Amino acid sequence: MKAIAFTDVSKSYGNVLAVDGLDLAVEAGQTVALLGPNGAGKSTSINMLLGLLRPTRGRIEILGRLPEEAVSRGEIGAMTQSGELIPELTVGELVDFVRRLYPSPLGLDEILKTADLTDLVRRRAAKLSGGQAQRVRFALAIAGAPKLLVLDEPTAAMDVESRLRFWAGMRDYAAGGRTVLFATHYLEEADEHSDRVIVISGGRIVADGTAAQIKAGAGGHTVRFVLDGQSSTGLDALPGVSAVEISAGTATLRTADPDATVAALYRGTSLEVRELRITGADLEDAFLALTREP
Ligand SMILES: Nc1ncnc2c1ncn2[C@@H]1O[C@H](COP(=O)(O)OP(=O)(O)OP(=O)(O)O)[C@@H](O)[C@H]1O
């Protein structure tokens with residue numbers, strides 16, 4: 001049984017097609033990053049997965065059930081982009097209150113430790129910083145020991161320190177064989193904290209694999225050098241080159257064979273090449289290549 005199964009799922013808002021025929025299967029135990037630019041359809045997909053929105057077409061199953069059923073059985077924990085905390089309650093009261101609503105919750109101490117809130121247990125919610133409040137939302141999401149944890153841009157309000165603590169907690173939680181799906185704009189988070197990256201753009205999946213596979217699929221390497229005012233004519237015909245961009249006097253060549261490209265650049269052109277740099281494609285290059293508007 002799959003943890004998440006989308007079969008030909010679409011969602012329209014009036015005449016805006018937000019999600020366009022999504023097919024997606026996630027095995028139990030995977031940690032999946034959902035990556036995409038603004039408006040790609042990430043939140044819409046997550047809200048359908050949580051049973052908060054119904055698809056216009058297609059079918060969604062979570063752990064073999066309809067999303068609403070999985071939610072009502074406490075099998076999905078979620079951290080969405082909104083969600084008010086009750087300001088008068090302390091962190092400890094709030095977490096304990098929510099965990100008691102579930103049939104087989106995690107222990108209070110375990111939740112507080114996983115979300116790194118032990119030192120804040122007596123702090124009132126009204127006095128929490130943005131990053132601390134996000135860690136409380138994370139604690140509430142894991143309180144019922146859900147088999148599937150869904151996080152929509154979980155680190156949006158967090159500083160670097162809070163992010164590190166948050167990801168350590170998420171990894172602890174996932175390590176117990178649970179399934180995690182998180183949406184993010186941060187490529188490095190997808191790279192570091194997931195074992196599968198799904199890139200969506202315009203409501204469709206445009207790439208699906210490990211971060212390494214997606215990087216490799218983006219055209220291998222980048223050769224950059226300072227071109228200044230010299231002509232860029234012919235750069236796109238150099239061996240291996242699949243794309244050329246000129247920006248602020250710098251030429252960026254995407255190439256499958258950086259050695260051949262550089263050799264031809266020196267031997268086959270009369271350009272004065274300065275500050276040459278060769279890099280492997282990173283996830284950001286891949287992401288931009290995959291989600292560029294046609
Ligand atoms: N309630 C709504 N009514 C009308 N259009 C909507 C609604 N919610 C989302 N949309 C549109 O659907 C598309 C997908 O939006 P969605 O919020 O799912 O994207 P996203 O990938 O989560 O974006 P972001 O990264 O900005 O949160 C966008 O074009 C958006 O404007």
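Residue numbers count from 1 along this sequence. All values derive from a computational prediction rather than experimental measurement. Read the numbers this way: they start at 1 and go in the same order the structure lists the ligands and their atoms.
- Not a single heavy atom of G36 sits under 4.0 Å from any atom of ligand 1.
- Atom numbering of ligand 1 starts at 1 in the shown order; those under 4.0 Å from a heavy atom of A40 are 19 (O), 20 (P), 21 (O).
- With no hydrogens or angles considered, a side-chain donor-acceptor pair links R137 and Q134 at under 3.5 Å.
- Closest heavy-atom approach to atom 14 (C) of ligand 1 among the candidates G39, G203, G14: G39.
- For the 3.5 Å distance criterion, the side chains of T114 and D172 fail to qualify, holding no donor opposite an acceptor.
- Residue E153 approaches ligand 1 through these ligand atoms, each under 4.0 Å from one of its heavy atoms: 25 (O), 27 (O).
- Partners of F182 under the ring-ring contact (aromatic ring centres under 6.0 Å, His included) rule, at least two apart in sequence or in another chain, are W167.
- With no hydrogens or angles considered, no side-chain donor-acceptor pair links T31 and R196 at under 3.5 Å.
- Under a cutoff of 6.0 Å and an axis angle of 45°, R277 and F225 do not form a cation-pi pair.
- Remark: E192 CD to R163 CZ distance equals 11.0 Å, nearest 0.5 Å.
- Here is the list of ligand 1 atoms found below 4.0 Å of a heavy atom in A18: 12 (O), 13 (C), 14 (C).
- Below 4.0 Å from some heavy atom of P37 lie the following atoms of ligand 1, by number and element: 21 (O).
- Within ligand 1, counting atoms from 1 as listed, the ones closer than 4.0 Å to a heavy atom of T44 are 15 (O), 16 (P), 18 (O).
- The shortest non-hydrogen separation linking T252 to R224 is OG1-NE, 3.2 Å.
- When each atom of ligand 1 is checked for a heavy atom of K42 under 4.0 Å away, the hits are 18 (O), 19 (O), 20 (P), 21 (O), 22 (O), 23 (O), 24 (P), 25 (O).
- Between V16 and ligand 1, a contact under 3.5 Å exists for no N or O pair.
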